[in-house]
Structure formats: structure tokens, C-alpha cells
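These notes are about the structure you will find just below.
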Amino acid sequence: MSIPRVVLKPKRAQPFYGRHPWVFAGAIAAVTGSPADGGEVELHSGTGNFIARGLFNSQSKIRVRLYSWTPEQALDREFFKSRLETAIRLRHDVLKLNNPAGACRLVFSEADGLSGIIVDRYANWLTVQFTSLALAQRREMFAELLTALLHPAGIYLRTERGIGKLEGLELHDGLLHGAEPAGPFEIEENGLRMLVNLREGQKTGYYLDQRDNRQAVAKLAAGRRVLDAFCYSGGFALHAASAGAAEALGLDASAAAVQLARDNAKANGLERVEFVEADVFEELTRLQALGRQFDLIILDPPKFARARHAIPEALRGYRRLQTLAIKMLPSDGILVMCCCSGLITFDMLEELLAQIAAEERRDFQILERRGPAADHPVSVYCRESGYLKCLICRVA
Ligand code: SAH
């Protein structure tokens with residue numbers, strides 16, 4: 001049986017020979033053979049050459065997601081099993097993120113040649129998130145493969161807000177396999193005990209991508225007064241406190257996050273750390289008016305720019321935050337600026353820092369330009385898979 005074909009418009013094939021996995025509707029001239037949503041298709045150039053195999057979705061702007069550039073390669077169970085094995089091998093065997101009590105991202109969508117699925121391991125539990133209809137339709141198969149490969153206690157499905165509309169995907173959070181954890185449970189990170197709530201926590205339960213950045217910040221924290229703005233479950237503040245910070249204050253607008261952070265402080269026996277439920281913009285304004293000072297400030301806001309048109313507004317948000325923060329940093333203070341909007345580049349952030357430095361007549365030195373931990377790799381074919389930036393600066 002021949003496989004339905006998606007034929008590109010003339011001169012639109014180059015990115016896909018370059019192995020970019022997203023074929024947008026606008027690049028397509030014709031579809032032959034009426035593929036079902038989620039079904040396999042072959043991508044062909046306008047001149048009739050085979051380019052790649054992918055999965056079709058008429059309801060998404062990403063009309064085809066590509067997985068293989070080998071003719072005749074079926075996108076079947078064996079294929080996905082092999083991709084999962086390759087992704088897991090990187091984390092467990094190469095990066096040695098194999099502490100049974102630890103946590104790591106095992107599969108990161110495009111970065112692992114698996115556009116549309118994210119798998120995180122939290123000790124013996126897995127969370128799975130689907131961002132494509134086609135892979136979500138195969139969720140039973142993925143649950144079986146992951147169970148056979150990893151023997152988890154349970155696999156929990158997390159859905160991202162807005163994805164239903166983007167992909168025509170009706171999915172709800174819930175158990176995919178095995179048992180549900182009774183409530184928040186502990187994982188180990190850099191020697192600390194951190195609580196994770198798979199069912200209600202943000203993202204897929206925890207911000208794994210900041211693991212190494214928390215450690216980098218901890219190295220600078222001894223003796224300093226630390227402010228962790230947008231702290232979620234307290235990762236940065238607790239690492240700093242455990243590394244000997246004079247004091248640490250964490251702020252987050254979510255009551256549930258602040259509760260997790262306080263429980264984490266207790267679980268680790270850390271005392272000079274406090275967590276407050278507050279809007280960061282309001283609280284920084286208030287603290288600054290009171291003349292409060294901190295020697296190390298971490299800013300890790302949520303994604304401000306979700307679309308290209310939102311970039312200027314997002315940069316205004318970062319500007320406000322940074323301006324508030326540096327007024328509270330004495331000379332030789334450390335500013336840690338994180339940004340998880342893929343659309344905002346290091347260049348944009350650094351240009352912003354330069355402008356603020358000049359306005360405030362302070363000198364900034366960039367000490368480290370960091371990304372996410374290595375279990376969140378970037379595919380060279382799809383550099384959109386890179387998103388997290390973390391600039392560590394000295395403010396003179
Ligand atoms: N630093 C955290 C991750 C932060 S994610 C870590 O290391 O785990 C962003 C956090 O910002 C979320 O916890 C969210 O609840 C919080 N948030 C979003 N808008 C906020 C606001 N205006 N004020 C305070 N917190 C906010």
C-alpha cells in the first residue's frame with residue numbers, strides 16, 4: 001500500500017533536506033492519498049524527490065512533523081523504541097544522570113528526534129507530556145515501551161495549556177500506567193531533597209532545566225544575602241542557603257509553590273531561608289523603597305514572550321525587573337538573569353543589560369553565559385529546541 005504524500009511548493013524543500021522537523025501548512029502544494037490525522041506520510045519536493053517520513057495533522061499549523069530521512073523507514077513501534085533507547089542512553093549512560101533517587105529529562109521532543117513528546121523521570125516515576133496529536137494518539141504504545149525500558153512505579157500524563165487548540169488534541173492529566181504517587185514526594189538534586197508534585201506541580205512537576213544553574217549560583221552564595229525571585233519550590237534559594245548564604249528570601253506568586261518551598265527548607269534542615277507569597281514586581285518595589293539590599297539576586301521569571309510580536313513587551317518586563325533588582329545590589333553584587341523565552345536571544349538580553357548599566361551608571365561584567373542542563377540538549381537541526389538562558393553577572 002503506498003503511503004500518502006505531502007508535496008512541497010517549489011523552492012521550499014531546503015529546510016527539510018536540512019532535517020528541520022516542522023513542515024508548516026504554507027510550504028505545502030498538495031496532499032495526495034487523504035492521510036488521517038496522526039497518520040504516516042512521505043514528504044516530497046516539488047520536483048518529486050523523496051525527502052523524509054513524517055506524521056500528518058490537518059488541524060495543526062505544523063502540518064507534518066518529520067522523524068526519518070530514510071526511505072522505507074516505517075514510523076512504527078520498533079522505530080520509536082529505538083529513538084527512546086537512544087534518548088535514555090544519553091541521560092543514564094553518557095551524562096550519568098542515573099541516581100535512582102534523582103530526576104532528569106529523558107526525552108526532549110525535537111532535541112531527541114521525537115517531535116511532540118517529553119518524558120521526565122522523577123526517582124521511580126515518569127511524567128509524559130505530548131505536544132503533538134500524532135504522538136498523543138500513540139500514548140498507549142509509548143507507555144508500554146517506557147514501562148518495558150524503565151520499569152517505573154507509574155507514568156503520569158501532564159498536558160500543557162493551549163496545546164488542545166494548537167493540535168486539535170483532547171487530553172487530560174491522569175495516570176497512563178501503574179500507580180499514582182500518594183502526594184508530593186522527594187527527589188535528590190545536587191545533594192538536596194526537593195519535593196515534586198507530579199499531579200499539580202508546574203510544568204511536568206519541577207524545573208529540571210535549572211539543575212546545573214542552581215549549582216553554579218550556589219558556588220557564589222557563601223556569606224551573601226540572597227534574593228530568589230520567582231522561586232517556585234525554592235531551588236535557587238535552598239541551594240544558596242545550603243552553600244552558606246547569610247540569608248535567603250524566595251518570592252513566588254503561587255501559594256502552592258511557596259508551601260512546597262517551605263516544606264523543602266524543613267526537609268533539608270535549612271533555617272536562614274524564608275519564602276513569601278507575593279507578586280515579584282510589587283514586592284521588589286516595596287523592598288527597594290524600604291532600602292533592603294541583597295548581594296546576590298536571581299531573576300527567573302516565567303516565559304514573557306510566547307510569540308514574535310510579544311518580544312518588545314517581554315523586553316520591557318525584563319527591563320523593569322532588572323532595574324528594580326540592581327538598585328538593591330551593592331557594589332560587587334551578583335545578578336543572575338534567567339530567560340526561558342526561546343524567542344529572546346542572549347544578544348537581546350545582553351543589549352538590555354548594557355542599556356540598564358549605562359542608565360544606572362553601574363558596570364556589569366558577564367561572568368557566565370549558561371544554558372539548561374545537558375539533559376535538555378539542542379538539536380542542531382532544530383535550534384528552536386534551545387530556550388533557557390542564564391546570565392551570571394557581577395555588578396560593580
Ligand atoms: N526558579 C524556579 C522556577 C521559576 S518558574 C526554580 O528554580 O524551580 C516561574 C515562577 O514564577 C513560577 O513558580 C510562577 O508561579 C512564578 N510567577 C509568575 N508570575 C509571577 C509574579 N508576577 N510574581 C511572582 N511569581 C510569579
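Source: prediction; values computed, not measured. Any value given below was found using the heavy atoms of this structure, including those in side chains, with hydrogens, waters and symmetry copies removed. For ligands, and for the atoms within them, numbers begin at 1 and follow the listed sequence.
- The nearest heavy-atom contact from the protein to atom 4 (C) of ligand 1 is F230 O, 3.2 Å.
- In terms of protein heavy atoms, atom 15 (O) of ligand 1 is closest to D252 OD1, 2.7 Å.
- Remark: the Y206 side chain and the N197 side chain contain no N/O donor-acceptor pair separated by less than 3.5 Å.
- Ligand 1 places these atoms under 4.0 Å from at least one heavy atom of S254: 15 (O).
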Practice problem: Applying side-chain hydrogen bond (donor to acceptor under 3.5 Å, both in side chains), run through S60 and E167 and close with a yes or a no. | Solution: CA-CA 5 Å; S60 173; E167 285 283 311; 2.8 Å; yes

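- Residue A278 has at least one heavy-atom neighbour below 4.0 Å for each of these atoms of ligand 1: 23 (N), 24 (C).
- Between the side chains of S115 and E110, at least one donor N or O sits under 3.5 Å from an acceptor N or O.
- Not a single heavy atom of S233 sits less than 4.0 Å from an atom of ligand 1.
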Practice problem: Would you check, one step at a time, whether the test ring-ring contact (aromatic ring centres under 6.0 Å, His included) holds for H376 with F108? | Solution: CA-CA 6 Å; H376 298 63; F108 189 24; 5.5 Å; yes

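- Less than 4.0 angstrom separates some heavy atom of F236 from each of these atoms of ligand 1: 1 (N), 7 (O).
- What sits closest to atom 25 (N) of ligand 1 on the protein, heavy atoms only, is A253 N, 3.0 Å.
- Close contacts of ligand 1 with Y207, meaning ligand atoms under 4.0 Å from a residue heavy atom, involve 3 (C), 5 (S), 8 (O).
- Ring pair F50/H44 is perpendicular by interplanar angle, where above 60° counts as perpendicular and below 30° as parallel.
- Atom CZ of R121 is separated from atom CG of L150 by 8.0 Å, given to the nearest 0.5 angstrom.
- By heavy-atom distance, the residue among R214, Q210, M194 lying nearest atom 6 (C) of ligand 1 is R214.
- Salt bridge status for E186 with R193: present, with a side-chain N to carboxylate O gap under 4.0 Å.
- Nearest-residue assignment for atom 22 (N) of ligand 1 (options V280, D279, L321; heavy-atom criterion): D279.
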Quiz prompt | Step-by-step ring-ring contact (aromatic ring centres under 6.0 Å, His included) determination, W125 to F185 | solution = CA-CA 10 Å; W125 267 279; F185 64 94; 4.9 Å; yes

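- Contact annotation: for C231 versus ligand 1, heavy atoms closer than 4.0 Å belong to the backbone alone.
- Summary of contacts: the protein heavy atom closest to atom 3 (C) of ligand 1 is D300 OD2, 3.3 Å.
- Side-chain atoms of Q365 and R394 form a donor-acceptor pair, as typed in the model, at a separation below 3.5 Å.
- Counting only heavy atoms of the protein, atom 12 (C) of ligand 1 lies nearest to Q202 OE1, 3.1 Å.
- In terms of protein heavy-atom proximity, atom 18 (C) of ligand 1 is closest to P302 CG, 3.5 Å.
- If you check the side chains of H20 and E384, you find a donor sitting under 3.5 Å from an acceptor.
- A heavy-atom separation below 4.0 Å is not found between G234 and ligand 1.
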